[in-house]
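Heads up, the thing below is written out as structure tokens.
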Amino acid sequence: MRFRAAVMGTFLLVTLAGAEASAQAPPPSAKARQAAVAYANQGWTAYRARRYRDALQAFRRAEATVHAPTFLIMVARSCHKLGRLTEARSVYQVIVDEQLPADASQAFRQAQAEARTELEALSSRIPTVEITVTGAGSGGAQVALGGLDVPPSTPVARDPGSHTLAVGAPGRRGLTKEIVLKEGMRAKVEVDLVAGKVRIESDRTGRGAGGEPQPLGPGQVAADGSAQEGGGPLGPGQGAADGSAQEGGDAGDAADGRPRPRSPAVVFTGLAATAAGTGLGVAFVLLSNGKASAQQRLLEPACTDPARCPGLDLRAYNDLGHAKADLANAAVWSFLAAGAAGLGTAAYVLLTGQPDARDATATGLSVIPMPGGLGLSKRW
């Protein structure tokens with residue numbers, strides 16, 4: 001990893017040096033270039049570990065130190081991963097609109113081409129919402145979405161997620177409502193000030209093909225300035241499309257020790273095993289008690305010692321005793337298995353992070369810690 005970081009830094013220095021002659025501003029100093037390399041390496045490490053907030057901060061510092069489209073495209077990709085799609089689109093647009101000099105490096109040109117492709121794919125995924133206000137006093141209505149004023153009857157772009165809609169008008173009681181926007185959604189919101197109602201219609205389009213940012217190709221320079229030798233930005237035999245590391249393990253085991261994302265399916269299986277073991281244990285206890293009662297009924301009312309009961313069927317009595325013991329043992333093992341499954345599930349929940357968004361979307365399952373145990377919820 002140290003050797004790779006050194007290669008990345010050296011290649012980036014060469015790339016930045018090639019752009020000095022064509023830059024309008026004074027060329028960056030050697031100290032500035034070295035600082036930019038350090039920030040870029042930090043950002044790339046964080047991005048591969050899926051610590052996108054840290055990656056965004058590092059790549060912004062690198063760009064502020066030395067301007068390079070290869071830094072900016074990683075700023076856009078980090079915003080994309082954080083769900084800040086409108087911000088990512090703005091950064092992509094800056095890269096696309098930049099007029100590169102004739103002698104710009106191939107790495108800069110490749111970054112601009114990648115930005116153009118990713119911008120086109122991203123645009124269709126950004127949800128829009130159009131808010132219309134009707135009723136008396138609607139002409140002077142003030143509309144805000146997520147704390148920002150928006151013009152009525154005009155589609156505005158917002159990031160996916162929950163947004164608070166607030167509508168007010170002179171002489172009318174204000175209305176507030178939470179609106180959830182999903183990727184690709186085209187929502188129309190009608191606010192009736194007279195009735196005090198909010199009506200929402202949406203036409204959600206599918207996510208465009210290739211909507212996820214793709215890494216630069218072989219032989220190019222990744223946005224952090226790393227050189228490619230026979231593979232994508234992660235090197236030969238590596239590389240998910242999101243830039244996550246695949247070096248002998250899942251990138252979910254973050255380099256900073258953060259827990260892997262929790263799988264609702266694993267928790268559901270653990271809870272089901274706990275419930276099954278408990279149920280079997282209770283059933284075996286009831287059956288064992290039944291055998292004990294049957295065994296007791298074989299004894300005469302005045303006979304307490306089986307060896308001194310002349311009319312007792314000793315073989316049947318002993319068979320019931322053996323069956324009672326076997327069922328009691330099965331109950332003990334069932335309860336032990338249920339306890340082990342429960343403890344394992346609880347440990348898994350405590351040692352893992354929040355459920356991966358893709359798993360939660362696919363299964364609709366969520367696990368909620370509750371007093372005395374765990375709660376499992378399902379969305380339909």
Side-chain angles (χ1 to χ4, degrees), residues 49-50 240 244-380:
R50 301 180 183 179
S244 58
Q246 302 294 333
E247 296 182 7
D250 192 321
D253 294 323
D256 64 347
R258 295 189 181 185
R260 297 166 59 97
R262 184 187 310 147
S263 171
V266 173
V267 180
F268 178 81
T269 302
L271 294 178
T274 303
T278 303
L280 285 174
V282 172
F284 286 137
V285 167
L286 295 176
L287 291 174
S288 179
N289 290 339
K291 296 297 183 182
S293 298
Q295 187 183 40
Q296 187 64 32
R297 287 195 296 270
L298 290 179
L299 296 176
E300 296 178 1
C303 183
T304 58
D305 186 358
R308 297 181 180 181
C309 295
L312 176 65
D313 187 347
L314 192 57
R315 174 177 293 181
Y317 182 88
N318 290 334
D319 288 342
L320 288 172
H322 294 319
K324 177 184 68 174
D326 292 339
L327 290 169
N329 289 333
V332 171
W333 284 108
S334 297
F335 286 129
L336 289 175
L343 290 175
T345 303
Y348 177 79
V349 171
L350 294 175
L351 297 177
T352 54
Q354 292 299 319
D356 186 84
R358 292 168 294 184
D359 290 344
T361 301
T363 64
L365 294 171
S366 59
V367 180
I368 307 172
M370 300 178 65
L374 302 173
L376 186 69
S377 65
K378 167 74 177 176
R379 297 192 306 274
W380 284 275

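In this text, all values refer to a predicted model and were calculated from it rather than measured experimentally.
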Where is the tightest heavy-atom contact between [X] and [Y], given as atom of each residue plus distance?
{"X": "Ala273", "Y": "Ala341", "answer": "CB-CB, 4.0 Å"}
{"X": "Ala331", "Y": "Gly281", "answer": "CB-O, 3.6 Å"}
{"X": "Leu271", "Y": "Thr345", "answer": "N-OG1, 3.9 Å"}
{"X": "Ala338", "Y": "Gly277", "answer": "CB-C, 3.7 Å"}

Using modelled atom types only, decide if a donor and an acceptor are shared between the side chain of Thr278 and the backbone of Thr274 within a distance under 3.5 Å. yes
Apply side chain to side chain contact (heavy atoms under 4.5 Å, CB included) to residues Leu336 and Trp333 and explain how you reach the verdict. CA-CA 5 Å; Leu336 289 175; Trp333 284 108; 4.0 Å; yes
Residue pair Phe335 / Val332, side-chain heavy-atom distance below 4.5 Å: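 SC-SC contact between Phe335 and Val332 ruled out.
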Could you grab the distance from atom CZ of Phe284 to atom CG of Asp326, nearest 0.5 Å is fine?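 It is 10.5 Å, given to the nearest 0.5 Å.
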If I take atom CG from residue Asn289 and atom NZ from residue Lys324, how far apart are they, to the nearest 0.5 angstrom?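 One finds 9.5 Å between CG of Asn289 and NZ of Lys324.
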